[in-house]
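First up is the structure itself, then whatever we jot down about it.
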Amino acid sequence: KKSTKKNAKEFDFIVVSNRLPVDRVRNADGKDDWRRSPGGLVTALGPVMAKSDGAWVGWHGAPGEKLDAFGHENMKLIPVELSAEEVELYYEGFANATLWPLYHDVIAPPEFHRTWWEAYRTVNKRFADAVAHSAAQGAIVWVQDYQLQLVPKYLREARPDLQIGFFNHIPFPPLEIYAQLPWRRALLEGLLGADLLGFQRPNDASNFLRCVRRYVNATVKQNQITIGERTVRAGAFPISIDTAQISALAATPEVQERAKQIRRDLGNPKTVLLGVDRLDYTKGIRHRLKAFSELLEEGRLNVGDVTLIQVASPSRERVESYRMLREEVEGTVGRINGTFDTIQHTAVRYLHHSYPLAEMVALYLAADVMLVTALRDGMNLVAKEYVATRANNDGALVLSEFTGAADQLRQALLINPHDIDGLKDSMMAAVEISASESARRMRLMRRQILDHDVERWSQEFLSSLRSKT
Ligand code: G6P
């Protein structure tokens, strides 16, 4: 661990997100340590920032701890402090119990509390101040995700010299749903502090533009918004992964051996099904378990021949709807295993853990069928990671049409997770797919993500930000 040499106001490029790529954790031996943060945002931006000499401003995951800027794996990290109360009101409250469910089709009911909104404003102001303090004259600042939608406005007020981009990693909801938010206008005005607003799908961008047209005093022409003297642009920039890094990991003998060992440890079933998600109600984990248990019930699949590995990484564990989801999922897994397990074999190998990337890649390699059944997902990088590991063009991807990834991975077995019978048929089709059919689909999907990796995503966004057209 070394500290950065740079002084204040010296960075020409700054990324700011709620979370830094690493979380402060306390080890069993009582020493402080760092652990890779959960979620797609860090998966995507980590490789981009490792190759850039910019700085990353964000929270380090521990409440009430003040830390100095530091270097980590080639990255310059500038921590922002959150008090325990701010974690509760801003992060668990407004970000993850108001905005997250509102922006994901109100799958869980969003809660609206004025104290949460107050904390959201206070914390967004603090993030903007931290950036304003570290950015060089005329620097490029790239603000990330729904937790920081007011940062563009605060930042422009403090530093009109900056070029400000914003990227929303999650869906932007339709006007009819967005309309519920008591602070709908203030939030849009916060975003409009940016020069360029990026969204995952064209649909997200047009939802946003419709909301601006309705609630803000601005002129909207195609993807251009004019407010007073300023022009703001909005468009779709589908995010991706570091495809080369994942493919390289999948090609290492250690990871390949580990994949074989995983299958051996499961008793060498003919087919391994895999789900990998943060334990989140948007991911459709219950729908997947329901479909799988019905297939076992009906004898279309048999324990011993098939196993489902479900990695559910811990997430937002103090938020009520996440607690309830965990109870439900674990109850369901217990019932399925109690009913269908034999002494030798298990139906569902459930893992409430997060794993290092190499272990994730080994799991992808070990899986014949990848199940992505999200009810709504901005992109879903797990689907892209799975495809990146299939160098032999084998395996099958069952993919929800409600993910951003479904726009790009057209050759997946696309499903509507609400249609349990359809989901079951697609799972069977994936289990029974012929080598030639799976190769045909996988080859096209691999070409897509090899061409469109996260490096290209960031270059396209940043060059659009610079070009001002
Ligand atoms: C999603 C969000 C990210 C978030 C991640 C993990 O990918 O788009 O902004 O960081 O989930 O969630 P957490 O609340 O643990 O940061």
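Hydrogens, waters and symmetry mates are skipped; everything else that's a heavy atom, side chains included, is used. In each ligand, atom 1 is the first atom listed, and ligand 1 is the first ligand listed.
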Side chain to side chain contact (heavy atoms under 4.5 Å, CB included) assessment of Phe112 paired with Gln180: CA-CA 9 Å; Phe112 304 112; Gln180 291 180 21; 4.0 Å; yes
Lys153 and Glu189: CA distance, side-chain angles, deciding distance, salt bridge (Lys or Arg N to Asp or Glu O under 4.0 Å) verdict: CA-CA 7 Å; Lys153 176 175 191 267; Glu189 287 172 349; 5.7 Å; no
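Taking atom 6 (C) of ligand 1 as the reference point, the nearest protein heavy-atom neighbour is Pro38 O, 3.5 Å. Protein heavy atom in closest approach to atom 7 (O) of ligand 1: Gly40 N, 3.4 Å. The nearest heavy-atom contact from the protein to atom 9 (O) of ligand 1 is Asp145 OD2, 2.5 Å. Looking from atom 16 (O) of ligand 1 to the surrounding protein, the closest heavy atom is Arg19 NE, 2.5 Å.
Here Arg19 does not pair with Asp145 in a salt bridge; the nearest charged N to carboxylate O distance is not below 4.0 Å. Remark: Arg126 engages Glu86 in a salt bridge, criterion side-chain N to carboxylate O under 4.0 Å. Ionic pairing of Arg456 and Asp453 is not present here: no N-O contact between side-chain nitrogen and carboxylate oxygen is shorter than 4.0 angstrom. Under a 4.0 Å N-O distance rule, the pair Lys76/Asp53 does not qualify as a salt bridge.
Annotation: Gln147 places an N or O atom under 3.5 Å from an N or O atom of ligand 1; distance criterion only. Taking distance alone, with nitrogen or oxygen atoms compared against 3.5 Å, Tyr91 approaches ligand 1 more closely than that limit. No N or O atom of His169 sits closer than 3.5 Å to an N or O atom of ligand 1. Between Arg316 and ligand 1, at least one N/O pair is under 3.5 Å apart.
In this structure, Arg121 forms no cation-pi arrangement with Trp183, as its terminal cationic atom is not both closer than 6.0 Å to the ring centre and no more than 45° off the ring axis.
The contact set between ligand 1 and Ile170, taken as ligand atoms under 4.0 Å from a residue heavy atom, comprises 8 (O).
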